[in-house]
2 protein chains.
Amino acid sequence: MPAPQRVSAETLVTAVRSIAEKDGVDAVTMSAVAAAVGVRAPSLYKRASNRHELLRLAADDVARELGEEIAELSRRVDDPRELLVGTARALRGISSRSPKVTTLLFCAPAPLAGPSPELVAPLMATLLAAVTRLSPEDPLSAARTLTAWAYGFSTMEQNGGFRQGGDVDAAFERGLDIVLAGIGA
Amino acid sequence: MPAPQRVSAETLVTAVRSIAEKDGVDAVTMSAVAAAVGVRAPSLYKRASNRHELLRLAADDVARELGEEIAELSRRVDDPRELLVGTARALRGISSRSPKVTTLLFCAPAPLAGPSPELVAPLMATLLAAVTRLSPEDPLSAARTLTAWAYGFSTMEQNGGFRQGGDVDAAFERGLDIVLAGIGA
DNA sequence: GTCTATAGCATGATAGAC
DNA sequence: GTCTATCATGCTATAGAC
C-alpha cells in the first residue's frame, strides 16, 4: 500500500485553477502552486514533472466538468438538438466561471499544457453522434461549425471581444439558433 | 529632429512575431527580442515599457494586416456577402501563417498584451456595416456569430482542435455557408 | 512523499555614462 | 537612443536526508 499523498489530486488541481483564474495562466508556476497547497516546490515534481503538466491538470479538469455536464444531459434528454443546445450553454457557463482555464482547451501555451486528447475525444464523439442524427451528410463539418462557434463565442466574451455593448445573451441565443438551423436542427 | 532609431518599428515587430511563432508567446522576452534585433535589452525599454507592450506590437500588427485585407476587399467588391466571405477567409489565412500571434487577438495573457481596442473597433465596424445590409434587425448579434465562428474555427484548426481528420477546408466552407445563410445572406 | 539546500539560469527593470 | 553594469528577484530542476 503506497503512502497516502499529503496533497490530494483534488486539492492540487483546485489550487492550479484558482491561481490561473486569479492571476493568469502565466502565474501558474511550480513555486506558486506549491505555496498554495502548503508544500515546497520540489515535492510537486512527484505529481507533475513540469509546469505544463500542472496546466494540463487544470485543462483536463475543465474537460472533465464539461464531459459530466454532457453525460448528465444525455441521460435526461433524447432530442439531439436539445443535447447540443445544452452542451453549448454548458461550455459558455464553464467559460464564464473559469475563463482562463477554459481558453487552455484550444489555446494552450504548449500542446502538453492543453487537455489530454484521450479525454477530449469522447466528448467530441458524443457531439458528433448527436449531430449525425440531425445532419447525416457530412456531420463532422457540422459538428465543427458548432464547436468552433461555441468556443469562439465563449472565448471572445471572456476576453473583451464584445466591446460594443448590446445584449450578449441575446447574441448567444441567436448564434445558437443560426448554427443549429444550419446543421439541420 | 529626433535621432533616428537604430531599430525600425518594422524590424522590431517582425522580430517579436517571429519569436512568438517559432518558440511560443512565452518565449517573447525582453532579452530574446533584444538579441534578435541586435541590441541590448535595456535599450528596448525606450520602445516598449514592458513585455506585454512587446506582445501588443505583434497583436496590433496582425490586426493591421487583417484591416488592410478588409479594406482592399471593400474597394474591390460591393456585395456584403462577398465581403464577409473574404474577411473570414482572410482571418483563417492569417491565422494559418501566424497562429500564435493570431490567438493573441482574443486570448492574450493580459489585456495589455492584446490588440489596442482603437485598432480593432474600426474592423468590427466595417463588418457590422456589411452585416447590417444583410440582416437589418439585430445586426450586432449576427456579426458576433460570424466573428465568433471564424475566430473559433481558426484557433481550433491551429491548436489541434480538429483531430478526427476529415476535410477541414470543406468544414470551413460549410461553416461559412451555415453562418451566412443564418444571418440572411 | 516530503523536506532542506542549492545549482544554474533567465527574468524585468533601473542608473548613469556616452 | 544606445550602451555597460548591475540589482533583485524569480524560476525550473536536481541531490540527498528523513
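What's counted below: heavy atoms across the whole structure, side chains too, no hydrogens, waters or symmetry copies. Letters A, B, ... mirror the listed sequences (proteins, then strands); counts begin at 1. As the structure is a computational prediction, the values presented were derived from the model and not from experiment.
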A.B. asks: In the hydrophobic clustering (ILVMFWY, side-chain contacts below 4.5 Å, transitive), which residues join B:L128, or is it alone?
C.D. replies: B:L140

A.B. asks: For A:E68, check salt bridge (Lys or Arg N to Asp or Glu O under 4.0 Å) against everything at least two apart and list the hits.
C.D. replies: A:R64

A.B. asks: Consider the side chain of A:S43, meaning its heavy atoms from C-beta on, and name the nucleotide among D:dC3, C:dT2, D:dA13 that approaches it most closely.
C.D. replies: C:dT2

A.B. asks: With sequence neighbours left out, what residues match A:E10 under side-chain contact (heavy atoms from CB on, under 4.5 Å)?
C.D. replies: A:S8, A:T14

A.B. asks: Apply salt bridge (Lys or Arg N to Asp or Glu O under 4.0 Å) to A:R47 and list each qualifying residue two or more places apart in sequence or on a separate chain.
C.D. replies: none

A.B. asks: Return the residues of residues 25-41 of chain B meeting this criterion: a heavy atom under 4.0 Å from some atom of DNA chain D. Order them by number, or give none.
C.D. replies: B:V39, B:R40

A.B. asks: Could you pull out all donor-acceptor pairs under 3.5 Å where a side-chain atom in residues 166-185 of chain A meets a protein atom, sequence neighbours excluded?
C.D. replies:
residue : atom : partner : partner atom : Å
A:D167  : OD1  : A:D169  : N            : 3.1
A:D167  : OD1  : A:A170  : N            : 3.0
A:D169  : OD1  : A:R92   : NH1          : 3.2
A:D169  : OD1  : A:R92   : NH2          : 2.7
A:E173  : OE1  : A:R89   : NH2          : 2.9
A:E173  : OE2  : A:R89   : NE           : 3.2
A:R174  : NH1  : B:D138  : O            : 3.3
A:R174  : NH2  : B:S135  : OG           : 3.4
A:D177  : OD1  : A:R81   : NH2          : 3.4

A.B. asks: With a 4.0 Å cut-off, would you call A:E69 and A:R97 a salt bridge?
C.D. replies: yes

A.B. asks: Applying side-chain contact (heavy atoms from CB on, under 4.5 Å), name anything that partners B:S18, two or more places apart in sequence or on another chain.
C.D. replies: none

A.B. asks: Going by ring pair (Phe, Tyr, Trp, His ring centres under 6.0 Å), name the pairs with one or both residues in residues 45-70 of chain A, residues two or more places apart or in two chains.
C.D. replies: none

A.B. asks: Which pairs, with at least one residue in residues 94-134 of chain B and sequence neighbours excluded, count as a ring pair (Phe, Tyr, Trp, His ring centres under 6.0 Å)?
C.D. replies: B:F106-B:Y151

A.B. asks: For DNA chain C, find the residues of residues 44-52 of chain B with a heavy-atom distance under 4.0 Å and give them by number; none if there aren't any.
C.D. replies: B:Y45, B:S49, B:N50, B:R51

A.B. asks: The criterion is side-chain contact (heavy atoms from CB on, under 4.5 Å); which residues satisfy it with A:L104, sequence neighbours excluded?
C.D. replies: A:V25, A:L55, A:A59, A:V101, A:A108, A:P109

A.B. asks: Could you list, one pair per line, each protein nitrogen or oxygen that sits under 3.5 Å from a nitrogen or oxygen of nucleotides 7-9 of chain C, together with the distance?
C.D. replies:
none

